[in-house]
Amino acid sequence: LNSKLRQLRKREEEEVEKVLRQLSRKVGDEAVGIRKMLQIITVLDMASARARHGMHLGAVEPRFVGRDQPVSMIGVRHPLLVWQEVDSAMAKARLVRNEQSEP
């Protein structure tokens with residue numbers, strides 16, 4: 001009985017290995033397409049992250065002008081300075097909430 005059980009487990013392991021090899025081969029056959037899709041998804045994810053970051057900062061989409069037009073940079077701020085303002089405002093809001101919640 002023990003011997004039969006060991007044989008069955010061994011056969012099961014072999015079958016699992018066989019299935020995994022087949023699946024790995026099929027995935028490998030699609031490696032070029034998978035890599036290309038990963039590159040596309042990465043570009044889309046980066047664009048989405050930039051858009052969310054810009055929205056969070058209240059940023060304005062740049063508008064490119066022709067070479068003969070003057071460039072206007074009135075009111076521009078570096079994102080790190082904007083982040084400092086956002087962090088400061090959030091800290092003040094937390095402080096006010098904490099003061100209001102205390103009796």
Could you please spell out the steps behind the side chain to side chain contact (heavy atoms under 4.5 Å, CB included) verdict for I41 and M37? CA-CA 6 Å; I41 289 170; M37 194 60 74; 4.0 Å; yes
Has the side chain of E30 got a donor or acceptor atom that lies under 3.5 Å from a matching backbone atom of V27? no
Basic-acidic side-chain contact under 4.0 Å: E17, R21: yes
Give the intermediate values and the outcome of side chain to side chain contact (heavy atoms under 4.5 Å, CB included) for residues Q84 and L80. CA-CA 6 Å; Q84 284 179 343; L80 291 177; 5.9 Å; no
Under the side chain to side chain contact (heavy atoms under 4.5 Å, CB included) criterion, do M73 and V76 qualify, and how do the steps go? CA-CA 6 Å; M73 296 182 68; V76 296; 4.0 Å; yes
Distance-only, no hydrogens or angles: does the S48 side chain make a donor-acceptor pair with backbone N or O of L44 under 3.5 Å? no
Point-to-point distance, once rounded to the nearest 0.5 Å, from CG of L8 to CD of E13: 11.5 Å
Is the shortest heavy-atom distance from the side chain of V32 to the side chain of K36 under 4.5 Å? no
Give a yes or no on this: more than 12 heavy atoms of other residues, nucleotides or ligands lie within 6.0 Å of atom CD of E12. no
So CG of D29 and CD1 of I34: to nearest 0.5 Å the spacing works out to 9.5 Å
Let me confirm one number: the CG-NZ distance from L23 to K18, rounded to the nearest 0.5 Å. 12.0 Å
